[in-house]
Number of protein chains: 2
Amino acid sequence: MTTAQRPTLEAVARRAGVSRATVSRVVNGSTTVAESIRDAVRRAVEELGYVPNLAARSLVTQRTDSVALVMPEEATRVFSDDQVFPGIIRGVSQELEAADKQLVLMLAGSPAGHQRVERYTTGRHVDGVLFASLHGEDPLPGTLARLGIPVVCSGRPLGGAQLPYVDVDHVGGVSRAVRHLIEGGRRRIATIAGPQDMVAGIERLVGYRETVADAGLPELVAFGDFTRESGGAAMRQLLAEHPDLDAVFAASDLMAHAALRTLRESGRRVPADVAVIGFDDIETAAYTEPPLTTVRQPIVELGRAMTRQLLRIAAGEDVEQAFILPTELIVRDSA
Amino acid sequence: MTTAQRPTLEAVARRAGVSRATVSRVVNGSTTVAESIRDAVRRAVEELGYVPNLAARSLVTQRTDSVALVMPEEATRVFSDDQVFPGIIRGVSQELEAADKQLVLMLAGSPAGHQRVERYTTGRHVDGVLFASLHGEDPLPGTLARLGIPVVCSGRPLGGAQLPYVDVDHVGGVSRAVRHLIEGGRRRIATIAGPQDMVAGIERLVGYRETVADAGLPELVAFGDFTRESGGAAMRQLLAEHPDLDAVFAASDLMAHAALRTLRESGRRVPADVAVIGFDDIETAAYTEPPLTTVRQPIVELGRAMTRQLLRIAAGEDVEQAFILPTELIVRDSA
DNA sequence: TTGTAAGCGTTATCAG
DNA sequence: CTGATAACGCTTACAA
């Protein structure tokens, strides 16, 4: 260890011939410092390569200038080629950078991981916590909120907790997609629904159900968990149960992708025999065979919006409990 | 703000009827504490819901128990459906969790972002820094190493710095792939190379060049930047310049995916007319049309290996400068 | 084995 | 506008 002693405020103060307090003021941009002294301090900081010790600072300010982003991990999908989580990370990261805060990423898959997250976040080691897409009714967000720690979730928290969240308009997007199928003359429209322990899975199914019901069409439902593998299985099940289906809305692009392949293997042409629409608009969607019509959700923007809300809460502002971003139907060749 | 005063060591000490030092010992697992006292302290900790203040702790220990993972961001590919970066994040995260350290994620795209990273990491706010796939000759890793801050890179650092790194066997993997093409009777084997300011791009091209040269075959090269879009353009260029090519090795699966589509649009059949092999083995590879033969790299393991090396360095151990993980050819239908 | 006490590097509160 | 000085919560010699 080349313990190149880092310069402290003290060192800078000596060099600049002022007190620690003054250096602190300059470093923190206080305006009540004489021009000449400020310059001298700045020079000393520069020459010594002084960088504030954040631990010392946060010990007294009670802030850490860091924010945790908690993601469920067990699901392989977190980092499969689904771009949802990476997109959120990116949006969060952008917004945090603008606010000069650090992103602490926590994957909470295993029970042990979940405990770790709990200990860390309840321990006030971060100024706020962002939850990405929870499964089931996780009590942690509520607990944190009760402790006064700023929290924002992506997706309405299940279990009825009144926590601020940001989400996309699932129902509207799905409804738009299903209506597109109906307008295209489809009458036996099936859906490959997502997991029913996640808001995204639940709401997209609601959107499907409402829309086919409004049109007086039957419900043809199979379930998946957003992954390709599950999508393929669900598609096979649908074909077995309803060989005459003429359209499928899949609650994720990955499932839609697998459905495309399953349909091809079963001898169906897309979209001639069966129209397919997905949800997400991942990059792959434009490259499937045929290119996938899908519902785009502004995922990076979702991450940014979550972060902005969190920072506002941390700053003591009031924010609306729900913040919903629009979705958009991207029409390609599959429907 | 429900400033529910968090209990401090002091509070626990009072409650347990011992000194702060003793509580500290128990909390940190010192063995030199009497059984009975330990239990009493544990109970007090439990009852008060005490969680150590990390800032205070790191102020005295000079450790932060956190590690930074720096990734270039400007490239859209960081969070496109390329699974490289997410995979690394996951591996790093797993290993860090085992070591009970936090992951601080830093995207260093813009010059401003890069500066932020520099300030933060040189400021010793983390116990070590992991660099994921740098572009060009970034001086930062070397600077940090000189400051005595543990550093590990993914991929041999360009510019000749003697820094510890972990990488996969690019050359071996590509060589294996190209030989597979040759064994399949291909003689006009082209490559869509990656960016030449990244080790992965450089080494994969080297692997191609060496192998075709050994076989006395011509070099047919076009460049991309690992993205789908660039892969499509490169494929078109190759077809224009060498309409008689009978195989393509693309330095990334995304580029291979786009090549597949471009070949189809040009009326070529894969693999009948042109065989295609990619690199990465992203999940999508199994779902392309036709399914993509590719070189698999153990990307999560890469993240884990980087982290393990970093932790060893931080613990004062010596580590080998290069740690290379094997790659594997996954044969599907495209070649 | 346990307690005392001295910092760790900042910021914040007062005087001056 | 500037400088002492007291926290902030914890670890760690050193004593007892």
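Residue numbers start from 1 in every chain, and the chains themselves are labelled A, B, ... in the order their sequence lines are given, proteins ahead of strands.
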Contact class for [X] vs. all strands (heavy atom < 4.0 Å): base, sugar-phosphate, or nothing?
| X | result |
| --- | --- |
| B/V27 | nothing |
| B/A21 | base |
| B/L54 | nothing |

Which residue lies more 5' along DNA chain D, comparing A/T22 with B/T22 via nearest heavy atoms = A/T22
Please figure out whether A/V60 or A/T32 has its closest DNA chain D nucleotide nearer the 5' end.
-> A/T32
Rounded to the Å, how far apart are [X] [atom1] and [N] [atom2]?
| X | N | atom1 | atom2 | value |
| --- | --- | --- | --- | --- |
| A/Q62 | C/dA12 | CD | P | 11 Å |
| A/N28 | C/dG9 | CG | P | 17 Å |
| A/R6 | C/dG9 | CZ | P | 11 Å |
| B/R14 | C/dG3 | CZ | P | 15 Å |
| B/L48 | D/dG9 | CG | P | 14 Å |
| B/R124 | C/dG9 | CZ | P | 12 Å |
| B/L9 | C/dT2 | CG | P | 16 Å |

Please round to the nearest 0.5 Å and tell me the distance separating atom [atom1] of [X] and atom [atom2] of [Y].
| X | Y | atom1 | atom2 | answer |
| --- | --- | --- | --- | --- |
| B/L130 | B/M106 | CG | CE | 13.0 Å |
| A/T64 | A/D127 | OG1 | CG | 3.5 Å |
| A/L163 | A/F131 | CG | CZ | 9.0 Å |
| A/L302 | A/Y165 | CG | OH | 12.0 Å |

Heavy atoms from C-beta onward define the side chain here; which of [options] lies closest to that of [X]?
| X | options | value |
| --- | --- | --- |
| B/R57 | D/dC1, D/dC10, C/dG3 | D/dC10 |
| B/V33 | C/dT2, D/dC1, C/dG9 | C/dT2 |
| B/L59 | D/dT12, C/dT2, D/dG9 | D/dG9 |
| B/R25 | D/dT2, D/dT11, C/dT2 | C/dT2 |

When you check the phosphate oxygens OP1 and OP2 of [N], does a side-chain N or O of [X] lie under 4.0 Å from one of them?
| X | N | value |
| --- | --- | --- |
| A/N53 | C/dC8 | no |
| B/S19 | C/dG3 | yes |
| B/S24 | D/dT11 | yes |

From the options B/R90, B/K101, B/R304, select the one residue that forms a salt bridge (charged side-chain N to carboxylate O under 4.0 Å, His left out) with B/E95.
-> B/R304
Donor-acceptor pair (no angle test) under 3.5 Å: A/R20 side chain, C/dT10 base = yes
Can you find a pair of side-chain heavy atoms, one from B/V129 and one from B/I149, that are under 4.5 Å apart?
-> yes
A/T8 or B/E35: which one's nearest nucleotide on DNA chain C is closer to the 5' end?
-> B/E35
